[in-house]
Structures are given as structure tokens and as C-alpha cells.
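Contents: one structure, followed by commentary.
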Amino acid sequence: MAIVKIIDENRTVTDRQSVADYLMTRGIRYEYWTPAHPVERDSPAEEILKAYEGEIERLKALGGYVTADVIDVNAQTPGLDSMLAKFNREHWHDEDEVRFIIHGHGLFHVRSKEGQVVPIEVEPGDLILLPKGTWHWFDLCADRQIRAIRLFQNPSGWTPHYTESGVDKNFQPICFGPSDISTQV
Ligand SMILES: [Fe+2]
């Protein structure tokens, strides 16, 4: 389940409905998905996409997404640190950032236009949808791996635009949950 820190209120939200309700107040969609049939975390991408086809098609119709793929990032990924360095500074995209987590963990920080920062830790089963233009940054957790389905309206729109606010430097890129424990979908 996702973990959301509400910094102003000094509380943490972990149950799925509360996470979804709170994030919706921030304009962020959260869902929890289960596969139509069992899949392993290292199943081929086609099998993963097939297992979540119903959810993917529903979201495509909702958000105008045209393609879906599966991304794998882990400690063995060549150039991992330089890849992560592109996304751990505050940025936005010209299209929605849609991620469904299959394996591993990640930490999004989202900042509202009023300046409120919300850390959101995601794990397998979590779907998160940041609308285009949302200020955010992303870090891996201690397990340094993530496998996720991505949905795109237009892949070329996914280039990061940096705010250069420096706000990201005020927040520790440290996850909250037990991310060193291997989790399987
Ligand atoms: Fe991003």
C-alpha cells in the first residue's frame, strides 16, 4: 500500500481509501490494482500488460493514453545514477506521469502551486497518476529497484522541465516503509 505523509498535519496515511481520498484533494489519482490472473514480478512484459489489460484499457479511455510499456530499473541498470539524477530534481512534464508498480518501491514528492510538499511512497499494486504540469521529483527506495507499467499520451511529452526551485534539497530521499523486504505481486 502507498504511504502518504501529510507534513502540515504531522500524520501519515496508509489505508488505500484514505490515500486515494487525500491525494484526490491534491489532484492526484491513486488506485490499487490486482491482476486478472497471477503473474510473477519477473514475468515478461507482455504477460504483465495482459494481466492488467482491463485496468490499462479503462485508464486509457479515461486519460487519452495511447501506449503502455513496462520499465525495469535496478542496481544492475547501466547508468542508473545518471538516470535517477534526471528525475530527483523538481520537474514537470507536458503529459501525465502514470505509473503502476509491479515490483520494488519509489518515493514521489509532489509540490502544490501553493508550496505544500507531499511525499508519496509507492509499492507493488499502487497506481499513481500525476497530471501534466504537476511539480514533482522521484527517488528509489533502499531496495534500489522498481518495475512499473507506464502509460503515455505522447512519449515525447515525457521530457522533464526543471523548476530549479531547489525545494527538493530540503527533503530527504528516504522511504518510510520496509523497502528492503522483497515484495511480490
Ligand atoms: Fe517525472
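If you read the sequence from its start, that first residue is 1, and numbering goes on from there. As the structure is a prediction and not an experimental result, all values here were calculated from the model. Counting starts at 1 for both ligands and their atoms, in listed order.
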Checking Gln145 against His103: is there a side-chain donor and acceptor pair closer than 3.5 Å? yes

Under 2.8 Å from the Fe ion (ligand 1) - protein N/O/S, by chain and number: His91 NE2, His93 NE2, Glu97 OE1, His136 NE2

Within 6.0 Å of CG in Asp15, more than 12 heavy atoms from elsewhere: yes

Could you list all the side chain to side chain donor-acceptor pair (under 3.5 Å) pairs where at least one residue sits in residues 65-79, not counting sequence neighbours? Tyr65-Asp96, Asp69-Arg150, Asp72-Arg147

In Å and rounded to the nearest 0.5 Å, what is the CZ to CG distance from Phe100 to Leu49? 11.0 Å

Are Arg58 and Glu55 close enough for a salt bridge, meaning some N to O gap below 4.0 Å? yes

For the residue pair His93 and His161, confirm or rule out a side-chain donor-acceptor distance under 3.5 Å. no

